[in-house]
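Structure first, commentary second.
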Amino acid sequence: MVAKTASRKKWALLIGIDQYLRPYISRLRGCVNDVELMSRILRDNFGFPAENMSLLRDDQATREGILTALDGIVDRAGGQDIVVIHYSGHGSQMTDREGDEPDGLDETIVPYDSGRSFDPNRDISDDEIYERLLRLTDKTPYVTLIFDCCHSGSIARDAFGVNSRWVEADTRPVEELPPSPVAPDVARKAGRDVGTSGWLPVSERYVLLAGCRDAESSYEHRVQQGDGDVTHGALTYFLSQGLTRPEPGTTYRDVFERASARVTAAHPRQHPQMEGARDRVLFEVHDMQPMRFVPVKLRADGSV
């Protein structure tokens, strides 16, 4: 019998970066809004204690700050605890230093203090994230990852001039980049069986919600509010609508499918991705049996 959720601790690390140290990295508007909105939802709707939630905003979200916070949540989380990690900011790519990527590029998130050209690259690679995820999921399978960013190979903006969350790939040769901190065996694992989001291997030890496919952009989304407007990541905004008043037993699949359709309706070139434990109850430990169905491709003259 599964232990009661109340006996488990709930942890969250929420990272939002609108302003970057380097002036040539475009400023975003909705990332801090994303993590502040998500922190309220987790606290008010899902019982995450405020003292167990860490928010890193803008210049708090340096490479060292993010990695220290990730290591901290891995160390503090106990067996079978519930953990949420949310990143809103720029995504990118950099030259693969471990030799495990077929296209020669690692996917990255871009900390506040990273740079391109002659400035130091302080990006955090998918391999580095996966290394910590392996340690975390050795303790607990109840992990939720939300990446509201992109690492698309082509920059784009939507029809209303809203930014996409992408920084140009750093293609400097390996010898001009910092040495890889990732063990070769971890890099090989992270390079296999990656899902359509392009971020991490598919696993039932966590659920991953990503803003877009690996060759697409994740857009910011402006919403009218009162006399003005407010900006969020499109994925975070439409997810939040389903997370505000969920019915008992609502799963990630239930919320994601509605949110994903709304994201693509607003931004046709963006298709959010979900991988992993799709039928788990939101921020809980129970898996629901999905309804079985056969998709209908054509109905004509009384036949399907």
Side-chain angles (χ1 to χ4, degrees), residues 3-19 28 30-89 109-112 124 128-129 132-133 135-149 165 205-211 230-233 235-246 250 252 255-256 259 276-277 280-286:
K4 291 182 178 179
T5 304
S7 65
R8 306 167 192 268
K9 291 184 178 179
K10 296 184 175 184
W11 307 89
L13 172 59
L14 311 171
I15 304 159
I17 313 173
D18 285 329
Q19 302 184 55
L28 298 170
C31 300
V32 172
N33 289 340
D34 282 356
V35 296
E36 291 179 346
L37 173 62
M38 188 60 66
S39 70
R40 292 194 298 271
I41 289 173
L42 292 176
R43 182 193 64 214
D44 296 344
N45 296 80
F46 296 96
F48 280 67
E51 63 271 19
N52 288 2
M53 291 194 290
S54 298
L55 273 70
L56 299 181
R57 307 172 181 88
D58 291 339
D59 59 359
Q60 299 170 326
T62 61
R63 173 181 170 85
E64 181 179 359
I66 293 172
L67 291 179
T68 298
L70 282 171
D71 288 336
I73 205 167
V74 171
D75 291 342
R76 287 192 300 273
Q80 311 299 295
D81 282 356
I82 296 167
V83 179
V84 177
I85 298 171
H86 182 128
Y87 172 79
S88 284
I109 60 173
V110 184
Y112 166 80
I124 297 172
E128 293 178 87
I129 295 169
R132 288 159 174 84
L133 185 59
R135 290 194 281 124
L136 180 58
T137 55
D138 276 347
K139 291 182 171 184
T140 176
Y142 307 120
V143 178
T144 303
L145 306 169
I146 303 172
F147 291 163
D148 201 344
C149 61
R165 293 179 171 182
R205 301 287 291 180
Y206 55 83
V207 59
L208 166 64
L209 309 178
V230 64
T231 301
H232 286 285
L235 173 65
T236 301
Y237 174 72
F238 289 109
L239 272 180
S240 72
Q241 295 185 325
L243 296 175
T244 302
R245 294 183 184 86
T250 299
Y252 288 99
V255 170
F256 177 82
R280 184 158 296 154
V281 176
L282 292 168
F283 310 117
E284 291 287 351
V285 302
H286 312 292

R8 side chain reached by V285 side chain, heavy atoms, under 4.5 Å: yes
From T250 atom OG1 to R280 atom CZ, the distance as rounded to the nearest 0.5 Å: 15.5 Å
Any side-chain heavy-atom pair of I17 and Y87 under 4.5 Å: yes
Minimum heavy-atom distance between A69 and L13, given as atom pair plus value: CB-CD1, 3.7 Å
Verdict with reasoning, I85 to L133, per side chain to side chain contact (heavy atoms under 4.5 Å, CB included): CA-CA 10 Å; I85 298 171; L133 185 59; 5.9 Å; no
Exam field: side chain T68 to backbone G65, donor-acceptor pair closer than 3.5 Å: no
Closest non-hydrogen atom pair between N33 and T231, with its separation: ND2-O, 2.8 Å
Which atom of Q60 lies closest to which atom of L55, heavy atoms considered: OE1-O, 3.6 Å
Heavy-atom closest contact (V35 atom, H86 atom, distance): CG1-CD2, 4.2 Å
Contact summary for I66 and P111, nearest pair of heavy atoms: CD1-CB, 4.1 Å
Heavy-atom check, side chain of I82 versus side chain of T140, under 4.5 Å: no
Pairwise distance OG(S240) to CG(L37) - rounded to 0.5 angstrom: 4.5 Å
Partners passing side-chain hydrogen bond (donor to acceptor under 3.5 Å, both in side chains) against D81 (at least two apart in sequence or in another chain): W11
Partner set under ring pair (Phe, Tyr, Trp, His ring centres under 6.0 Å) for F238, not counting sequence neighbours: H221
Sequence-distant partners of Y206, ring pair (Phe, Tyr, Trp, His ring centres under 6.0 Å), two or more places apart: none
Salt bridge (Lys or Arg N to Asp or Glu O under 4.0 Å) contacts in which one or both residues fall within residues 61-72, not counting sequence neighbours: R63-E128, D71-R132, D71-R135
L243 and V255, any side-chain heavy atoms less than 4.5 Å apart: yes
Exam field: side chain K10 to backbone F46, donor-acceptor pair closer than 3.5 Å: yes
Atom pair CD1 (I15) and OG (S54), whose distance is rounded to the nearest 0.5 Å: 9.5 Å
For D34, all residues meeting side-chain hydrogen bond (donor to acceptor under 3.5 Å, both in side chains), sequence neighbours excluded: S88, R165, H232, T236
Test side chain to side chain contact (heavy atoms under 4.5 Å, CB included) applied to M53 and L42, step by step: CA-CA 9 Å; M53 291 194 290; L42 292 176; 4.0 Å; yes
Verdict with supporting geometry, F147 and L209, side chain to side chain contact (heavy atoms under 4.5 Å, CB included): CA-CA 6 Å; F147 291 163; L209 309 178; over 6 Å; no
Pair listing, salt bridge (Lys or Arg N to Asp or Glu O under 4.0 Å) test, anchored in residues 39-59, at least two apart: E36-R57
Min side-chain heavy-atom separation I146-L235 under 4.5 Å: yes
